[in-house]
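Computation of the quantities below employed the complete heavy-atom set of this structure, encompassing side-chain atoms and omitting hydrogens, waters and symmetry-equivalent molecules.
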Amino acid sequence: MLLAEVLQKRFQATPLTDGRDGWPDFQVAQHHLVDALHFLHDDMAPRFSMLLDLTAVDERGGQTVSERAFTLIYHLHGLNDCGALRLRVPHVDADAPVPTVTGVFANANWYEREVYDLFGLTFSGHPDLRRILLPPLWEGHPLRKAEPIRATERPAYRLSKPELQEVLKAYSDAVPTPDPGLTVLNVGPHHPGTHGILRFVLKLSGEEIATVDPDIGYHHRGVEKIAEGHTFHNFIPYTDRVDYLGGALGEFPYVRAIEMLADLTVPPRAEGIRTLLAEICRISSHLVWLGSYGNDLGTMGPAFYAFRDRALLMDLLEKYTGGRLHPQFFRIGGVAMDLPEGWREDLLTILRAVERGLRDSEHLTVGNPIFQARTRDIGVLSAAQAEKWAVSGILLRSTGKAWDMRKAAPYGLYGDLDFTVPTSTDGDALARTQLHIEEIRESIGMLRQLAEKMPEGPTLAADARYAFPPKDHTLRDIETLIHHFEQVAGEIGPPAGQVLSITESARGMLAYYVVADGGARPYRLRVRTPSFPHVQLITELGRGTALPDFIATIGSIDYVLADLDR
Amino acid sequence: MHDFQNTAWWAILWSLIKIVIVVVPLLLGVAYLTLAERKVIGYMQVRLGPNRVGFKGSLQPIADAIKLMFKEVIIPTNANRFLFLAAPVLAFVPALLVWAAIPFGPGVAISNMNAGLLYVLAIAGLGVYGIIVAGWASNSKYAFLGAMRAAAQLVAYEIAMGFALVGVLMLAQTLNLTKIVEAQAGGGFWSWYWLPLFPFFLVYFISGIAETNRAPFDVAEGESEIVAGFHVEYSGMAFALFFLAEYANMIFVSLLTTVLFLGGWYAPINTPLLTWIPGIVWLLLKTAFLLYVFLWIRATFPRYRYDQIMRLGWKVFIPVTIAWIVVIGVALETPLRAILR
């Protein structure tokens, strides 16, 4: 293997074998890291153009005493058939700095800030190393193994008066801005245009934006830490809520990751049901976006049409799974139960209504001349920028690259479905609106195909050791009963190993990186969400625009704050 | 009694009575316009609108008024106290003043003045001072941005609006609003000024939407961009005055468009079947239709960006109106004069 040879020869990389996802996996020493990344990014053919994810693992919590304190994990992706690559970099001394890779990958900026924030590792040469998710006064670094998982295990947090003054200073007009002539404008934390609690600190020259500094983390719930305190099965409901508009789309990469770890084969019907739920959730997420984007631009109509149709889809989800926004229906090895009777007819009826309603929303948005005037050539993203900031999803497809994980590396039942990946070369907000609408149409087409050729058979994998045991079997067979008991009691987990599972959520590439140590809980679970790099992109995309265009731009990015802050 | 009617006291009293007769229905109209807006837009947006207070929500405006009256008027610490409180008054007073010249029937107005059109144009332009002063006095960045936008927008639209009125003036040869309506009498629908002055009719109505800061020209408020713009810091009655002014202006613009372009109180077809209906009914019906158009537009269109509004004003409306003034001017020197006048 050419890649392995070069990495081993030039950078003394050692291939690792405990990955269960089949990606090339190497350990690289810290002093070789930047050079190796440079090589992979610039000289390798085909190139690894994208830093998919950068995170760390605290190695001091395992049963075996490790010789190192942390491992840094670099996931690269080429957005081509070669797929992903993992580099693991051991870091012995927790207080020593790690070399920054922002010189190779611009989007490493926020990822390194996140590692600094959550693990307390510093990066030498980083342009702007400060906390990103947690408030500046937070003490400690939560993803270190020494930190307790439950908030109640920490002393209650008190903000003293001087500390409060210090925090409030960031919002005060009394503090002179370092750049004379520029007005500081806080868009957020509470602003109708930010879709939730998110603060953009803008420096305005007139109404033109000179710099953008997103202040994120208001929605940080620490799902990665929470995962370490739950059994593998118990964590499934959280995955729905990482991107709360995505629902089942968030469950997909997680259960796939665990199934890869446990080497489970999921029955076709279960895959079909998963694909069905995922596409329903995708339509409903896109509808919410379409409605709220209209609202950003000052037209209320599409919001109501879109939410009317989304309510129908939620009724459908409720009928199938019991959950409306969050199905929580996936199980490791399959799905919770079979679809109810009459699911096909309900689906087809509702799809017709959604299709009809979509035409109204389309006329009110992309068909409206003022909407066109507000979005054409606004928030234009070039292919080069998309690569620089590790952009995926509709944002990437609006720059002309037909990259969709459902097509590139089919999972679920996507391989059997006939669909196209809509793209555009305009890269502007109008193109992104168009693409959302086209993707809804594609999803409707996929659902119709699923209604036609949903496979028959069981909905859970037969191997009940790691898969969730079917309840009716537990009543008949002692083996399954034991496994059921062990799983529910939280005494069993997949074999040790690690895995990266990438899927296409409504917003882009959603990946779960799971490290299992053989115990009943994940040793480390990392959620790579698309919103994080996309909001980072705003620092560049928002510059030089006027305030109304800024709102039109950030709206078209289609981020979800819970997806951003996790 | 006869003597009393000749005294100055009676003149003042009679004026006051006329003012009450106009202002009380106007304020009620404003109140129920807000309800109509919520109902109409609700209907267009697949929802119900208010339906809890009174019969089918009919008391909702009253409830809103009571709520606003009892809310605290919060004055920001760093605001200019005097101007902050003066601004809503500055916005509200012109919105009422313009009604002095509006004719509700032949010669039926608080003041049937000869320079009515000029007066209306002058007073209507004053309302924006309230907005600018509010934005400045609030000492808030969002409010200030809103105020600047309002000022820029006004300059772009007053001119086109003025030119549109020049066309009416050229055809009617008078500034008296009653006489302008009377000049449109005769052939019903086809003799109203909207036909020969069609570009002016459109420009005037669209400028009217812009001047009242209504969607799609509500950039001074720009809810999703600058939160609420110039009135972001206002609450209670201070806010309510801005609100009243905006809706009173909407009714005013619709009514004036009716008077100038849609034949005021005349029936659309000159037949006894329609002409027996009192003129005021026609006047109000036409106004109500235009108000509906206001709401319809709001339910349909996204908001323009403020520089796009400026471009529309300067680069489209002003050239179009100037060109049409020339056309009308030339036409009046040809045999077409007989048809036009």
Chemist: Mind checking side-chain contact (heavy atoms from CB on, under 4.5 Å) for B:Glu233 and listing every partner two or more places apart, or none if nothing turns up?
Modeler: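 B:Glu233 satisfies side-chain contact (heavy atoms from CB on, under 4.5 Å) with B:Pro76, B:Phe84, B:Ser138, B:Ser140 only.
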
Chemist: Can you tell me how far CD1 of A:Ile370 sits from CZ of B:Phe301, rounded to the nearest 0.5 angstrom?
Modeler: 5.0 Å

Chemist: Minimum heavy-atom separation for A:Thr299 to B:Thr300, with atom names?
Modeler: OG1-O, 3.5 Å

Chemist: According to the side-chain hydrogen bond (donor to acceptor under 3.5 Å, both in side chains) rule, which pairs have a member within residues 359-372 of chain A, sequence neighbours left out?
Modeler: A:Glu362-A:Arg441

Chemist: Listed by residue number, which members of residues 38-55 of chain B have a heavy atom under 4.5 Å from any heavy atom of chain A?
Modeler: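 Listed by number: B:Met44, B:Gln45, B:Val46, B:Arg47.
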
Chemist: In Å and rounded to the nearest 0.5 Å, what is the CG to OH distance from A:Asn186 to B:Tyr142?
Modeler: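 With rounding to 0.5 Å, CG (A:Asn186) is 7.0 Å from OH (B:Tyr142).
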
Chemist: Count the heavy atoms belonging to other residues, nucleotides or ligands that lie under 6.0 Å from CZ of B:Phe92, then report whether that count exceeds 12.
Modeler: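 Yes, enclosed.
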
Chemist: Using heavy-atom distances under 4.5 Å, tell me whether A:Ile554 contacts chain B through its side chain, its backbone, both, or neither.
Modeler: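 A:Ile554 has no heavy atom closer than 4.5 Å to chain B.
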
Chemist: Would A:Arg374 and B:Gln308 count as a side chain to side chain contact (heavy atoms under 4.5 Å, CB included) if you check the C-alpha gap in whole Å, the side-chain angles of each, and the deciding distance to 0.1 Å?
Modeler: CA-CA 9 Å; A:Arg374 284 297 309 277; B:Gln308 289 166 336; 3.5 Å; yes

Chemist: May I ask you to test the A:Phe371-B:Arg303 pair for a side-chain heavy-atom distance under 4.5 Å?
Modeler: no

Chemist: Suppose a student defines contact as a heavy atom less than 4.5 Å from any heavy atom of chain B. Which residues in residues 536-549 of chain A would they list?
Modeler: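 Against chain B, the residues of residues 536-549 of chain A that fall inside the cut-off (heavy atoms, under 4.5 Å) are A:Leu547, A:Pro548, A:Asp549.
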
Chemist: Any chance OH of B:Tyr129 has more than 12 other-residue heavy atoms, nucleotides or ligands included, within less than 6.0 Å?
Modeler: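 No, because the 6.0 Å sphere around OH of B:Tyr129 holds 12 heavy atoms or fewer from other groups.
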
